[in-house]
Amino acid sequence: MTGKVYLIGAGPGDYKLLTLKGKECLEEADVIIYDRLANEDYLRISSSTCECINVGKASSNHTMPQDKINELLAAKAKEGKVVVRLKGGDPYVFGRGGEEGEYLFDRGIPFEVIPGVTSAIGGLCYAGIPITHRECASSFHVITGHLKDGSKDEINWEALASLKGTLVFLMGISNLKKITENLLGAGKVKETPVGLVSWATRYNQSVVIGTLENIYEKALEKGIKPPTMIVIGEVVNLREKLNFFEEKPLFGKQIVVTRTRKQSSQLMEMINDLGGRAIEFPTIEITPIKENTRLKVAIEHLKQYTYLVFTSPNAVEVFFEALEASGKDARVLAHLKIAVIGEATKKALKQKGIVADRMPTKAVAESLADCLKKELTNKDYILLPDSAIAREGLVSSLEAVCKVDEIPLYTTVPVRNVAKGEMSSKELVERLIADEIDYMTFTSSSTVHHLIGRIGQEHIAALAHAKLISIGEITTHTLKTYGLEVYKEAKKATMTDLVDCMEEK
Ligand code: SAH
């Protein structure tokens, strides 16, 4: 059976500038064949068994020739696979999507094309440049700057120079001199504003502004490299007012997130939305304890307890999974007072439809013990399902008042493998030393221990190159025991407070 090929536009780079249709196909793909300009974070959407093939490695000698890409698409589809061809921007804007579609059509292979946000429009938008404007640009023209020799014939410079609309050249930075000279030679005014927009919509977007007369000199001075768009026209001046993206609080910042893969998405999303680049470097994985007999027994005898305490969102998740597995639901908890540590735990519980009765102001175990001690009597019996490596402080201080049944639910194990789109520990160390990482976030002591486990004790000093952000006092203490300086500690143990530490107001 023949599979199907989806030619998908990945947009210009910002993770969320992908269509819902595109996302859906990535989730279902058996194979993803992607280019250099497609954001690699999209590979994380794919299933664990999906094969990801990079056909456009940064050094151009690794780029797969187009005829080989066509053959690869057809071969994989003939194996009955769902094939995604992921391209930067829109597949039909200088993306050779048309050629690929024709090739598949000629071989009777089913395909679909999913448009994307082209850099020529969306990329300019993030640079604060609208491609048209009622006052100064009533048309736009997107032109390839990849000029063949004797390009004079290919492009009608006189026609272009006489147009009032916006001119956008893609793939043109290495021909910038030729482009400006040809336009000036054809009579375009030398004061015409020009913008060079590199890595548009990404944390490292950069923009150089000049005129048709001086932009080439400026580009040389700044050492501008691809991917860069050249935009020519009055609309460039609007950037002064419309530059919303570079004003974002984390714009330009690279931030490493060390949580589990499952938990990191919220923090990563917040960082990306604030204009920064979140780099996933998971250090721990949560593994629920299998055949947890003690938990099963506790769930069968919930009536004996008076309190239920959750110390982490993981505990909530695993406990409710077990509850469901035993054929019960939240109603069996109705008689219990429920206490939580931390906003995130409270939220996880809320998602199960339960409002926590108690939450101490400080998200540490000792603080919960203090808060509960006032109301507990020796008749109470607390069920405390938590991590197998929980600290003992909470149990012993509660046990001083009443009976506590502490049941380990899960263990945190160190991450060993590097998943798709993730950085290896060697690369992380290199980038830290090169001062390319601005912040590293730590959301628990175990993220600290296991991060150091992953990079190796000998590389601890590399961490001093980044600003280290801690979720709370215990994590801070752990960082300090490794001789590391903590830049800031979150006011409260929430992702919002963690992100606040990075916004230099
Ligand atoms: N199909 C793509 C364009 C492919 S041609 C699209 O619709 O956007 C590749 C050229 O596009 C690059 O040389 C550069 O000029 C431009 N380009 C693509 N993405 C870009 C980005 N994020 N920032 C700046 N230029 C970009």
Side-chain angles (χ1 to χ4, degrees), residues 6-19 22 33-42 54-60 63-64 66 69 84-101 113-131 140-148 151 155 166-180 194-209 215-216 219 222-232 235-236 239 243 245-246 251-252 272 275 277:
Y6 293 91
L7 307 178
I8 302 182
D14 178 342
Y15 185 75
K16 287 195 181 169
L17 291 183
L18 172 78
T19 61
I33 299 170
Y34 65 101
D35 276 346
R36 174 169 99 98
L37 289 176
N39 186 340
E40 287 201 13
D41 285 349
Y42 293 134
N54 182 350
V55 292
K57 294 227 172 98
S59 49
S60 56
T63 308
M64 190 183 279
Q66 187 61 47
I69 296 177
V84 163
R85 171 75 177 110
L86 191 65
K87 295 159 169 292
D90 181 87
Y92 283 168
V93 180
F94 303 124
R96 308 189 75 165
E99 288 163 61
E100 291 172 4
V113 187
I114 300 171
V117 174
T118 178
S119 58
I121 299 176
L124 288 192
C125 162
Y126 271 45
I129 303 171
I131 197 159
F140 64 84
H141 312 269
V142 181
I143 307 141
T144 172
H146 189 77
L147 309 173
K148 294 185 196 118
S151 60
I155 292 179
T166 308
L167 305 181
V168 183
F169 285 87
L170 301 186
M171 300 180 286
I173 198 66
S174 57
N175 284 318
L176 181 61
K177 190 160 191 267
K178 236 188 208 171
I179 291 168
T180 52
V194 181
L196 304 178
V197 183
S198 309
W199 288 114
T201 78
R202 306 251 186 161
Y203 79 98
N204 57 338
Q205 167 176 306
S206 70
V207 180
V208 174
I209 301 291
I215 196 73
Y216 178 63
K222 304 258 185 212
I224 304 296
K225 292 197 189 73
T228 298
M229 286 177 284
I230 306 165
V231 49
I232 303 172
V235 286
V236 170
R239 174 174 152 81
N243 183 11
F245 179 60
E246 291 166 30
F251 174 69
N272 287 332
R277 179 186 177 209

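Numbering of ligands and ligand atoms starts at 1, following listing order. Treat the numbers as computed from the prediction; the structure is a model and nothing was measured. Count residues from 1 along the sequence.
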Qualifying residues under salt bridge (charged side-chain N to carboxylate O under 4.0 Å, His left out), relative to E40, sequence neighbours excluded: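 For E40 there are no salt bridge (charged side-chain N to carboxylate O under 4.0 Å, His left out) partners, ignoring immediate neighbours.
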
Under the salt bridge (charged side-chain N to carboxylate O under 4.0 Å, His left out) test, residues paired with K177 that sit two or more places apart: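 Applying salt bridge (charged side-chain N to carboxylate O under 4.0 Å, His left out) to K177 gives E181.
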
Per-ligand residue contacts, ligand 1, heavy-atom threshold under 4.0 Å: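 Ligand 1 is contacted, at a heavy-atom distance under 4.0 Å, by P12, L37, G88, G89, D90, V93, F94, T118, S119, L170, M171, V197, W199, A200, P227, T228, M229.
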
Between CD1 on residue I131 and CD1 on residue I121, distance to nearest 0.5 Å: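 I131 CD1 to I121 CD1: 5.0 Å, rounded to 0.5 Å.
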
F251 and F245 aromatic ring geometry - parallel, tilted or perpendicular at 30°/60° bounds: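 Ring orientation, 0 to 90° scale: perpendicular.
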
Report, one line per pair, each donor and acceptor closer than 3.5 Å where one atom sits in a side chain of residues 86-95; sequence neighbours left out.
| unit_1 | atom_1 | unit_2 | atom_2 | d |
| --- | --- | --- | --- | --- |
| K87 | NZ | G95 | O | 2.5 |
| K87 | NZ | E100 | OE1 | 3.3 |
| K87 | NZ | E100 | OE2 | 3.2 |
| D90 | OD1 | G116 | N | 3.0 |
| D90 | OD2 | Y92 | N | 2.8 |

Partner of V194 by side chain to side chain contact (heavy atoms under 4.5 Å, CB included), out of V236, I230, V208: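 With V194 as partner, side chain to side chain contact (heavy atoms under 4.5 Å, CB included) holds for just one option, I230.
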
